Trainee: 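I'd like to ask you about the structure that follows.
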Amino acid sequence: MFNVIELSPLLITLKVAGLATCAALVAGTALAYALSHKSFPGRDWLDAFLTLPLVLPPTVLGYYIIVVMGRNGFIGRWLEQYFGISLMFTWQGAVIAASIVSLPMVIKSARAAFEGVSSDFENAARTLGQSETSVFFRVTLPLAWRGILAGAMLAFARAMGEFGATLMVAGDLPGRTQTLSLAIYDAVEAGNDTLSMQLVIFTSIVCIIMLVFSGRLLRTEY
Amino acid sequence: MTTRVCIKKTLTSGNRRFNLDISFASSGYYTILSGPSGSGKSLTLRCIAGIETPDSGQIEIGERVLFDSEGRINVPVRERRVGYLFQDYALFPHLNVVENIGFGLKKLLRPLSGQDKVKIAELVEIFGFKEMADSLPRDLSGGQRQRVALARALVNHPSVLLLDEPFSALDHSLREKMRAELKAVQARFNIPVILISHEPADIRAFEGDIVEYSGKGAAHKNSSSGTGLFSISGYSTEASCQKIRH
C-alpha cells in the first residue's frame, strides 16, 4: 500500500519529532527545575518568554528562527563560517523548529510536577546528609518523573503536528524535509484523497495514543 | 552536651510580619519548645536544622558552631548531622521501609557497603520492622510511619534529634507507647532531643527544660518542671547572646 515515497514523510516525522522531543525534554526539565526551585530576578519574564511558542503564530516563530539561524543570523553565520553548514532547508532545521514549539509542553508539565514534590521530602534528604545533586536524583526526580514524561509525550504529539515554523525553516522537500503534516497539505492540494486520508488517520491515531498514555501517567501513584 | 540557640528572624508575607526572637541554652537530654501555634517553634527547629537561615544570632550544639552570623558561619544542612522528624514524617513515598531507613547512608550511584547494611539491619531489628521491610509508606499505619521516620533520622548518628510535634497525629494509646519508645531511643543512642509539644503529658513525661514561646515569638523564662537536674535558661536575648560569645 505504501511505496517508498509515501513512507518517507513518516520516517522523517518520527526522526524529527523524536529528536525534538529529546532536546525539549532535557532543556525543558532543566529550565522547569530552575523556575520551580530557584528565585532570581526576571523569573516571571523568563517563564513568559519560554511560554511564547505556545501562543505565537508558528509563522512568527519561523521568522525568528530564520533571523537567528539563517545565513545572516548570528548563529547561522557562525555555523556557516566555522563548520560550513547551514540549517536552512534541512531536516536538522526542522528539528530545531519542532523542539522550540514543543519546549513549553515539557516546561509546563515538568514545572507542575516539580512543584508538586513537597519540600519536606527534599529537606528530609538534606538533613540525611545528601548533596543537592543527590537530592535531585534520589528524591525530586523520582517523585516528578511521571509528570515530566507526560509532558514529553505531549511534546512529541505537538512536534509531530508542527507545520508553519517547519515550512518556513526547512521547506517542503519530499523525501528530505517533508513531514507528515506537510505531506497531508500537499496530498490535499494535489487532490490525492486516498493518501491524505491514510496520513490523517495515522496522525490522529498516534496523537490519541499519546494523549491516553500521558493522561495515565498523570494519575497519582502514591 | 549543651545546646545554645540565640536567633532572630523576620518573615514577611504580603503585609504580615512575623518576628522570631528566641534564645535558650539547655544541657538536658530533653528540651521542650512549648507555646501557641504560630509562635515560631517550628521555625526555630528549622533554623537549628539549617533548612531556614536566621537573620542573626548563633546556634551551637555541644562544641560545634552550626551558625554564627558574626563569624559568618553557616554549616550547610547536610553537614549539620541533625536528625529531623517532620510533623507528617516526610517518608519518601517511592522507597520501602528499609530503603527509607538506609537513605542517609547511601550515596548517589554507589551501592551500600557491607558495614552500612549491618547498620540498617540493626535498626530494623531494634525497631522490629522485619515483617514490613518491603512495605511502602502508604501501606503503614501512622504509628509505624513515625517509627520508620525515627529510625531513618537515627541512621547517620545525629548529634541532636529534632522532633516537630511528634505525637500530635497519634491517638491516645499510641502516644503513651511512642513516648516510651522515644525514651528508649534517647537512652540507647544517648543524644539530646529537642521537641515541640503543647501537651502537658509530654512535659511531665520528658522532665526536660521547657522553652515557653509567647504569641509574639519571644521566649520567656520558665522553671523546669522536672527533677531540677537540668538548668533551664531563658535569658533575655542580649544576655544570652553575649553568654554564647563569652
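None of these values were measured; they are calculated from a predicted model. Letters A, B, ... are given to chains in the order of the sequence lines, protein chains preceding strands, and every chain is numbered from 1.
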Trainee: Below 4.5 Å from any heavy atom of chain A, which atoms of B:Phe86 appear? Answer side chain, backbone, both or neither.
Mentor: side chain
Trainee: Surrounding CZ of A:Phe40 (heavy atoms of other residues, nucleotides or ligands, distance under 6.0 Å), is the total greater than 12?
Mentor: yes
Trainee: Do other residues, nucleotides or ligands put more than 12 heavy atoms under 6.0 Å from A:Arg176 CZ?
Mentor: no
Trainee: Can you tell me how far NZ of B:Lys106 sits from CD of A:Gln130, rounded to the nearest 0.5 angstrom?
Mentor: 9.0 Å
Trainee: Above 12 or not: heavy atoms from other molecules or residues under 6.0 Å from CZ of B:Arg64?
Mentor: yes
Trainee: Flag yes if more than 12 heavy atoms outside A:Tyr63 fall under 6.0 Å of its OH atom; otherwise flag no.
Mentor: no
Trainee: Side chain, backbone, both or neither: which part of A:Ser118 has a non-hydrogen atom closer than 4.5 Å to chain B?
Mentor: neither
Trainee: Looking at A:Ala125 and B:Phe103, what are the two nearest heavy atoms and their distance?
Mentor: CB-CE2, 3.6 Å
Trainee: Decide side-chain contact (heavy atoms from CB on, under 4.5 Å) for B:Leu109 and A:Phe137; before the verdict, give the C-alpha distance in whole Å, the side-chain angles of both, and the deciding distance to 0.1 Å.
Mentor: CA-CA 10 Å; B:Leu109 301 178; A:Phe137 284 107; over 6 Å; no
Trainee: Would you name the heavy atoms of A:Gly129 and B:Asn156 that are closest together and state the gap between them?
Mentor: N-ND2, 4.2 Å
Trainee: Might you confirm whether atom CZ of A:Phe74 has over 12 heavy atoms from other residues, nucleotides or ligands at distances under 6.0 Å?
Mentor: no
Trainee: Assess whether atom OH of A:Tyr64 is packed by more than 12 heavy atoms of other residues, nucleotides or ligands within 6.0 Å.
Mentor: no
Trainee: Is it true that, when you exclude A:Lys15 itself, more than 12 heavy atoms of the residues, nucleotides or ligands shown sit nearer than 6.0 Å to its NZ?
Mentor: yes
Trainee: Between atom CZ of A:Arg138 and atom CZ of B:Phe92, what is the distance when rounded to the nearest 0.5 Å?
Mentor: 7.5 Å
Trainee: For B:Tyr84, run the side-chain contact (heavy atoms from CB on, under 4.5 Å) check against A:Asn123, A:Thr127, A:Asp120 and tell me which one passes.
Mentor: A:Thr127
Trainee: Step by step, work out the side-chain contact (heavy atoms from CB on, under 4.5 Å) result for B:Arg152 and A:Leu128.
Mentor: CA-CA 8 Å; B:Arg152 181 181 71 174; A:Leu128 292 165; 3.7 Å; yes
Trainee: Among A:Ser131, A:Ser134, A:Ala124, who wins on heavy-atom pairs under 4.5 Å with chain B?
Mentor: A:Ala124
